[in-house]
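All of these numbers come straight from a predicted model, not from anything done at the bench. All residue numbers refer to positions in the sequence shown, counting from 1.
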Amino acid sequence: MSGAAPEKTARQDRTDGAGQGRDEARWFARPVRNIARPWREELARRLAAVDALGGRERDVILEAGHTALLTSLHAKLSRLFLIELHALRMATDPGPTGAGAAADPGSDDRTWAAFIDQAGADGYLDGLAHRYPTLGSRVASVARLSVAATARFAERLATDRDLLTPLLAGPAGEVRAVAFGAGDSHRGGLTVSRVDFAAGSVMYKPRPSGADVALGALLDELFADLPGAPPPDARVRVPRTLARDGYGWAEFVAHRYCADDAELAAFYRNVGHWLAVLRCVGGTDMHAENMIAAGPVPVIVDAETLFDAPAPFPPSGRGDAVDVAAAAIRRTVLRTGLLPVRGTGFALGGVDISGIGALPGQQPLIPHPVIADGGTAAARFQVDLVAMPTAGNHPSPTPVLSAYWDRILAGFRELTAHLRRPGTDPHALLRRFEGARARRILRPTQAYVDIGRMLWHPASLHDEPTAVERARDILRRNAEVLPGAPTDRAAIDGEIADLLVGDVPMVTFPVDAGVVRATVEDWRTADLALEESVIQDALVGAYLNERSLPPRVQTAARDPHARDRERRRRELAAGMVRRLCDGAVRGDDGTVTWISPVFTPAGWSIRVLPADLYTGQGGVALTLAEYDQEVRAGRADEVPGVAEAFAGALRVLESTEDRTPTPSAGAFSGAASQVWTWLALHRVRGEDRFLARAAERAVLLEAGPLVDDDVEVDLLNGAAGGIVPLLGLAEATGQDRWLAAAARIGRRLSGLALVDGSGARWTTRLNPEGIGGFAHGATGIGWSLLRLALTEAGSPGERRGWARLAERAFAYQESLYRPEHDNWLDVRVGAEEDFFTSWCHGSTGIGVAMLDLHRRAGDPAHLEVARRAARACATEGFGWSHTLCHGDLGLWEFLTSLGVGDPQDLDGEILTGLEQRGPVGGLAREAFSPSLMSGLAGVLHTLLRMHPAARLPDPLLLD
């Protein structure tokens, strides 16, 4: 958390409903102050009636309440002010082109000043009633609720001040400062707030706090007899809390970084303890703002979302296995919100807000509406991309989760075993929560924020009934894909009523004996092996891409050898396919799938496998087909169940492609990956239906948004990945339509190229600077263009142009070559290593591309580059991971294809490394990943290709 202050409030200020942070609420400050003036006077009158407050204390609370109201009104009214500003501008400059304003540079400033005078006058909102009939009453409701919430806070503070001593260093003393608005507004403008007394700070929580007290008592009991428990000041806890009738006061917890490695290790062990406790009590929503790192102690500061019961989802239509797997994921510790997980959707796509995630350098920029050209008549809303605000959840400025993942897992196992020890009655442990109220999150907060913003748009204020009906429709449709969300008219209208006054709807329920029984049963029947696997796998979700990976550790095989090579290869392959089948989730209908970290356009996430080749169902199904084929050819040992697993996986692959949106055009994550997978299955199995299926999926690449609106561009995710699979389909079917589709992509790539003195490169979403390399950079795009140029696609002139552009791409890659390192520089912003030897970003990928082009076109320059790449790879050597994408398997494939080194020695490196370490999956380490490019299927595929007579497809080259 770079640049974090040593202390933080228990929760960060959120971006408000209009998309403006508090520091931006200034452009329309004058008219907003005038609108709020009578409400400030009303608040002052109500505060004067609180006798137990001193005069200065009333002033402090008055200013804090007034500031909160101003911020709220400014956010809600800014769009309306901008509309009215432009109406005034048009009235004073009626010319169709605005020529008068352009000729007089000062006119914009004068128009702005005139508008501020007009909007700041008494009765301004009344004068707009004909255009916005409900505006006045809506503003009055917001202001009235804000005043009431502040006055109620003051009354409670005056009554409870003497009771707060246990939360402070001594008697509270005088109120020095108040900050309203820490978190969302609920139930009439109520927000978590911070109060600074002479003796210290406390947090005001305008909701029932019995659950916080009960959770604290549960922790006290658990750690009282836990063998080897941390000392009381170093174990997990919640803030000391004073529960009152319907509200509470909590100790303020200051953020502090860990002092040394010992405290860091203790912090992550404590995270494991929290996971065990929260899994037992059904805790959810423990995101970054709900946890404070106080040195080695992760303190959960908001424990209102306990006793969650995941709503059953309707059948997906993708098969029983998918439904079973999805339900299993929803039950795991992933739902606590502590573990890294990335959001979906427009506003928070790819964002990780988890309690121990949200890593600095691993968050995408998010769209954020701001007022541009404020202070002039050209003022307007525009969407900027901004960094996510930091929170106080990290124990160090640059946390590296992978270094302490074993501590998290150990803590989870330790406290889970303690909870399950003989003689422990979980009902007795949780009975203390009966009578408390818990909150249930029925819809994502962001959905409410977006609808609330819509309801305060000027168009909605002009025609509120239509806007309300639209909000109803959105909420109804949201409930169709979000089981458990309200569907009845009365409940939805209640949500809309909250949103109309700026509140986020909140649903609570009483914890009773039935709720406790259901939670205990869910915990008792948990699949602990799956829970532990999810904890391991979630590590990957913290990392958005390869820009800032944790340090890699090279562990080469000890005394590698190829003695008894064939027996060892077969035994390892049989073990891998058995492990792959054993790790599957199976449905009663015979369908088969897996749970794994998967790579998506939004980053890594734990989920049921999607349909792609890289980490998805396609790559795994293909590998099972390969093993079955090699058994038939006598080159692999028979393992029971492989054929059935392939058949079940294939059914899920087809239904997933048919029923879920294809996210991109890419050769490894999108439509092109599907085309290539079915082509590869046709090659392996020889069944015509697979070729027909490849053609069905290729239609997605002929026209439409996957190509026309592609912003990924690169080989792995983007349009460039479509070319080679389409060329393969054209060759297999003899149909020129696929050459035409490939040519269309070639034209798009030509139009997007950035060509300068260094060569040609392409900006992509993940790498807007333009980079080299095969999977994401210029080498891969150039390779696909030259492959296109070597066919009959397009016109002769276009083919010459594609060939020239490809060579310019290779020139850019060559500009990154550094002779002193005998390797190519990785220029990704934020990359922690300058030189890679991987397929995705390094010399292996450069080498396989150049070798392929040399074999097709015979250019000796390409062979020379391939040989240089081989030298770089051989110098660094083996011992990274057993993956095709970024590990030893890709290196083996390249060096073997080029004929560098003794094949027996290369085989011995792989075989011995697998025997000594088992399959190591890169970032996921020992976590189970079934995938082709970064997991177990890739190991199995390589072992099968190791046989001299094997003729299996090569995914590294889409061959």
Side-chain angles (χ1 to χ4, degrees), residues 611-613 618 622 654 657 662 664-708 710 713-751 774 780-806 809 848-849 852-858 951-959:
D612 65 66
L613 180 67
L622 172 61
E654 288 187 272
E657 288 179 348
T662 301
S664 71
F668 292 87
S669 67
S673 82
Q674 297 170 10
V675 174
W676 188 83
T677 298
W678 291 106
L679 283 173
L681 284 167
H682 175 252
R683 173 175 169 176
V684 171
R685 306 285 291 194
E687 298 179 36
D688 289 343
R689 65 186 178 109
F690 296 145
L691 185 59
R693 182 72 181 182
E696 289 178 22
R697 304 313 296 169
V699 173
L700 294 171
L701 297 171
E702 283 191 293
L706 287 187
V707 172
D708 294 345
D710 172 49
V713 182
D714 65 11
L715 194 69
L716 195 144
N717 295 307
I723 290 178
V724 171
L726 286 170
L727 298 182
L729 183 60
E731 181 179 358
T733 63
Q735 296 178 356
D736 289 343
R737 64 182 288 194
W738 309 122
L739 290 180
R744 185 166 169 271
I745 295 175
R747 296 182 193 106
R748 176 165 172 77
L749 294 176
S750 298
F774 188 67
I781 299 173
W783 169 79
S784 65
L785 285 169
L786 194 50
R787 288 286 305 270
L788 183 62
L790 294 174
T791 70
E792 296 301 313
S795 67
E798 285 179 320
R799 293 195 290 273
R800 289 192 294 271
W802 292 327
R804 286 193 299 269
L805 185 56
V848 297
D852 179 64
L853 293 176
H854 170 71
R855 289 175 172 172
R856 293 175 185 277
R951 295 293 181 267
L952 300 175
D954 178 9
L956 297 185
L957 280 169
L958 303 171
D959 177 13

Under 3.5 Å donor-acceptor, R856 side chain and L790 backbone
no
Residues which pass salt bridge (charged side-chain N to carboxylate O under 4.0 Å, His left out) with R693, listed by chain and number, not counting sequence neighbours:
E657, D658, E696
Measuring only between side-chain heavy atoms, which start at C-beta, is L691 closer than 4.5 Å to L679?
yes
I'd like to know if R787 pairs up with D852 as an ion pair, taking the criterion as any Lys NZ or Arg NE/NH1/NH2 lying under 4.0 Å from an Asp or Glu carboxylate oxygen.
yes
Okay, side chain of R799, backbone of G794: is any donor-acceptor separation there less than 3.5 Å?
yes
For Q674 and L700, the nearest pair of non-hydrogen atoms, with its separation, is OE1-CD1, 4.5 Å
For L706 and T662, work out which heavy atoms get closest and say how close.
CD2-O, 3.6 Å
Sorted by chain and number, sequence neighbours left out, side-chain hydrogen bond (donor to acceptor under 3.5 Å, both in side chains) with R855 holds for none
Could you please spell out the steps behind the side-chain contact (heavy atoms from CB on, under 4.5 Å) verdict for W676 and L613?
CA-CA 8 Å; W676 188 83; L613 180 67; 3.6 Å; yes
Full working for side-chain contact (heavy atoms from CB on, under 4.5 Å) between F668 and N717:
CA-CA 6 Å; F668 292 87; N717 295 307; over 6 Å; no
Got L715 and I723 here, is their nearest side-chain heavy-atom distance under 4.5 Å?
no
What verdict does the side-chain contact (heavy atoms from CB on, under 4.5 Å) test give for W802 and L786, after you've listed the backbone C-alpha separation in whole Å, the side-chain angles of each residue and the deciding distance to 0.1 Å?
CA-CA 6 Å; W802 292 327; L786 194 50; over 6 Å; no
Which pairs count as salt bridge (Lys or Arg N to Asp or Glu O under 4.0 Å) when at least one residue sits in residues 733-743, sequence neighbours excluded?
E702-R737
